[in-house]
Amino acid sequence: MEAKLIGLGVETFKMALLLALPGLLAGMFLGLAVSIFQATTQINEMTLSFIPKILGVASVIVLTMPWMLNSMIDFTTSIFNMIPTFIE
């Protein structure tokens, strides 16, 4: 029983990381690109680094939303199907 709950917790954390990964990777790569651009041009404007990152992360989240939604629905369905195994 405890092993099942621990496994469910591990799977929940994996799902959370998997769903957060596209937005985090987009923010990381856009931040790196903007930092390199700022270093080469010596432009130190805070909005220059913030606006591309927020637009990029928002667009990646919108583009990956169907996949994220399907993943969450599948995970939730599997959790609901596991409920009878936890009741003993």
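Just so we're clear, the structure is a prediction, and the values are computed from it rather than from any experiment. Counting from 1, the numbers follow the sequence of the chain as shown.
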Next on the checklist: With a 4.5 Å cut-off on side-chain heavy-atom distances among I, L, V, M, F, W and Y, is there a chain of contacts connecting Met72 to Phe75?
Outcome noted: yes

Checklist entry - Is there a chain of hydrophobic side chains (I, L, V, M, F, W, Y, each step under 4.5 Å between heavy atoms) that links Ile51 to Leu30? => result no

Checklist entry - What heavy-atom pair brings Met68 and Pro22 nearest, and what distance separates the two atoms? => result CE-CG, 4.2 Å

Next on the checklist: To the closest 0.5 Å, what do you measure between CG (Leu17) and CG (Leu21)?
Outcome noted: 8.0 Å

Checklist entry - Going from CZ on Phe80 to OG1 on Thr77, what distance comes out if it is rounded to the nearest 0.5 angstrom? => result 8.0 Å

Item to check | Phe29 with Leu48, same ILVMFWY side-chain cluster at under 4.5 Å | outcome: no

Checklist entry - Looking only at heavy atoms, which two atoms of Gln38 and Glu45 are closest? And how far apart? => result NE2-O, 3.0 Å

Item to check | Spacing of CE belonging to Met65 relative to CD1 belonging to Ile61, to within rounding of 0.5 Å | outcome: 6.5 Å

Item to check | For the student: nearest non-hydrogen atoms of Phe86 and Lys4, plus distance | outcome: CE2-CB, 3.4 Å

Item to check | Distance (rounded to the nearest 0.5 Å) between Thr41 OG1 and Ile36 CD1 | outcome: 11.5 Å

Checklist entry - Should Val34 and Leu25 be counted in the same cluster of Ile, Leu, Val, Met, Phe, Trp and Tyr side chains packed under 4.5 Å apart? => result no

Next on the checklist: Taking Leu8 as the starting point, is it possible to reach Leu18 by hopping between hydrophobic residues whose side chains are less than 4.5 Å apart?
Outcome noted: yes

Checklist entry - When rounded to the nearest 0.5 angstrom, what distance separates OG1 in Thr12 from CD1 in Ile79? => result 5.0 Å

Checklist entry - What's the shortest heavy-atom distance between Ala26 and Gly56, and which atoms? => result CB-O, 4.4 Å

Item to check | CG-NZ distance between Leu19 and Lys14, expressed to the nearest 0.5 angstrom | outcome: 14.0 Å

Checklist entry - So do Glu11 and Ser78 actually touch side chain to side chain, heavy atoms under 4.5 Å? => result no

